[in-house]
Structures are given as structure tokens and as C-alpha cells.
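Structure record follows, encoded as C-alpha cells.
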Amino acid sequence: MNSSVAKNQLASLRNNRILRRAIIPGKYHIAAKLMARSLNIPVGEIYDQAVEQFLAAPPAKEDFILVGRKNNPPKVSFWLSSHLSERAKALAESLELTEHEVLITAINDYARKHNFDRIKTGKATGSSKKV
């Protein structure tokens with residue numbers, strides 16, 4: 001491993017947590033923050049719960065959200081347990097997916113189970129379009 005890669009890995013690790021980026025709808029990220037605030041926990045723990053619950057019983061490969069390599073929407077950064085990140089990577093490798101695809105499928109599954117679509121985020125614009 002060259003020193004540049006080692007520095008980047010060290011820079012993204014803090015307290016056994018790793019900085020991850022994923023295509024998460026902004027509304028879901030806001031809902032995760034609101035949920036964390038109501039439970040008086042860091043938002044990273046909401047993402048930990050989402051990934052941990054998902055990894056306990058992952059779906060078949062065809063049920064994962066697949067991500068193209070071009071023209072992706074903006075990504076959201078969040079902290080995740082490095083142990084869960086490693087487990088997500090292992091699952092991804094076994095299914096020939098990316099860790100990103102495992103993470104966004106886990107987060108979307110958690111958001112659906114916890115009705116994140118029904119949470120009012122206070123950013124109403126009067127438009128009926130979904131975000």
C-alpha cells in the first residue's frame with residue numbers, strides 16, 4: 001500500500017467509523033437526522049442500524065439497487081462503523097456488487113420500513129413533485 005492510500009484511509013477513519021458517500025435521497029438523510037435527534041444519538045448510528053439490520057437478512061442479488069457509473073445524482077456523506085463497512089464490502093464481493101450498492105439498498109430498505117417518505121422535513125415548496 002503506498003503512503004497516499006494509507007493517508008487517505010487514516011483521514012477517513014475516526015473512532016472506528018469510516019466516512020462513506022452514497023446516493024441517498026435528501027429527504028431520507030433529513031429524516032435520519034430527525035430520527036437521530038429524537039433518539040438523542042448521532043446520525044451515524046441510524047445508518048449503522050440500517051446496515052446492520054440489512055446485513056442480518058440480505059435479499060437476493062436481483063433485489064439490490066444497482067448504480068450506473070455515469071451521471072449519478074449527488075451523494076450524501078455519512079459516518080458508518082468500519083466493521084459494518086467491511087461486512088458490507090464482503091457481501092458486495094460475494095454478490096459481485098459494489099459496497100455502494102449494498103449501502104444504498106440497506107438505507108432505502110430502512111427508510112421504507114421506518115416510513116421516511118411520510119416524515120415532514122420542513123422543506124415544502126408547494127410543489128407536488130417527489131424528491
Side-chain angles (χ1 to χ4, degrees):
M1 177 183 328
N2 68 36
S3 64
S4 175
V5 172
K7 285 180 186 177
N8 286 339
Q9 285 181 337
L10 287 175
S12 65
L13 277 171
R14 186 185 330 159
N15 297 324
N16 293 318
R17 302 186 73 69
I18 190 163
L19 189 60
R20 287 288 172 240
R21 291 173 38 89
I23 300 168
I24 302 169
K27 182 174 186 171
Y28 288 1
H29 189 60
I30 292 168
K33 287 180 177 180
L34 291 172
M35 182 182 228
R37 187 178 307 150
S38 73
L39 297 171
N40 201 27
I41 60 175
V43 70
E45 289 186 26
I46 298 297
Y47 289 113
D48 287 353
Q49 289 175 16
V51 174
E52 189 166 31
Q53 289 173 13
F54 183 81
L55 293 174
K61 181 178 179 176
E62 58 270 9
D63 294 327
F64 280 79
I65 297 170
L66 303 180
V67 179
R69 301 295 176 244
K70 293 184 179 181
N71 301 322
N72 285 333
K75 294 179 181 178
V76 172
S77 297
F78 59 96
W79 289 97
L80 183 68
S81 158
S82 57
H83 174 71
L84 289 173
S85 177
E86 289 301 320
R87 288 181 53 204
K89 279 184 197 173
L91 176 62
E93 287 175 9
S94 73
L95 295 173
E96 297 179 342
L97 298 168
T98 66
E99 180 188 6
H100 183 218
E101 290 165 333
V102 171
L103 294 177
I104 63 173
T105 303
I107 292 165
N108 277 279
D109 183 62
Y110 188 86
R112 182 184 45 78
K113 288 178 181 173
H114 291 276
N115 298 312
F116 279 14
D117 281 322
R118 295 179 50 185
I119 294 174
K120 300 213 183 305
T121 60
K123 290 195 174 192
T125 61
S127 171
S128 61
K129 289 183 180 179
K130 282 191 169 183
V131 177

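Values in this document were obtained by computation on a predicted structure and should not be read as measured data.
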Can you tell me how far the [atom1] atom of [X] sits from the [atom2] atom of [Y], to the nearest 0.5 Å?
X: His83; Y: Ile18; atom1: NE2; atom2: CD1; result: 13.5 Å
X: Ile65; Y: Thr105; atom1: CD1; atom2: OG1; result: 4.5 Å
X: Asp48; Y: Arg17; atom1: CG; atom2: CZ; result: 4.0 Å
X: Arg21; Y: Leu103; atom1: CZ; atom2: CG; result: 13.0 Å
X: His114; Y: Asp109; atom1: NE2; atom2: CG; result: 9.0 Å
X: Leu39; Y: Leu34; atom1: CG; atom2: CG; result: 11.0 Å

Smallest separation among heavy atoms of Leu19 and Ser77, with atom names: CD1-CB, 4.1 Å

Exercise: identify the closest heavy-atom pair between Ala106 and Ala50: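 Taking Ala106 first and Ala50 second, the nearest heavy atoms are CB-O, 4.0 Å.
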
Residue pairs, two or more places apart or on separate chains, that pass side-chain hydrogen bond (donor to acceptor under 3.5 Å, both in side chains) and touch residues 90-99: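 Every pair satisfying side-chain hydrogen bond (donor to acceptor under 3.5 Å, both in side chains) with a residue in residues 90-99: Arg20-Glu99, Ser85-Glu99, Thr98-Glu101.
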
same_hphob_cluster(Ile104, Leu80) at 4.5 Å side-chain heavy-atom cutoff: no

Leu97 reachable from Val67 in the ILVMFWY side-chain graph, under 4.5 Å edges: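 Each belongs to a different hydrophobic cluster.
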
Test item: side-chain donor near acceptor, Gln49 and Tyr110, under 3.5 Å: yes

Sole candidate of Phe78, Tyr28, Trp79 that passes ring pair (Phe, Tyr, Trp, His ring centres under 6.0 Å) when paired with Tyr47: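 That would be Phe78.
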
Val51 and Val102: CA distance, side-chain angles, deciding distance, side chain to side chain contact (heavy atoms under 4.5 Å, CB included) verdict: CA-CA 8 Å; Val51 174; Val102 171; 5.8 Å; no

Atom NZ of Lys33 with >12 non-hydrogen neighbours under 6.0 angstrom: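 It does not: Lys33 NZ has 12 such atoms or fewer within range.
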
side-chain contact (heavy atoms from CB on, under 4.5 Å) against Val76, all qualifying residues, sequence neighbours excluded: Ile24, His29

Sequence-distant partners of Phe54, ring pair (Phe, Tyr, Trp, His ring centres under 6.0 Å), two or more places apart: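 With neighbours one apart ignored, the set is Phe64.
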
His100 side chain to Ile23 backbone, donor-acceptor under 3.5 Å: yes

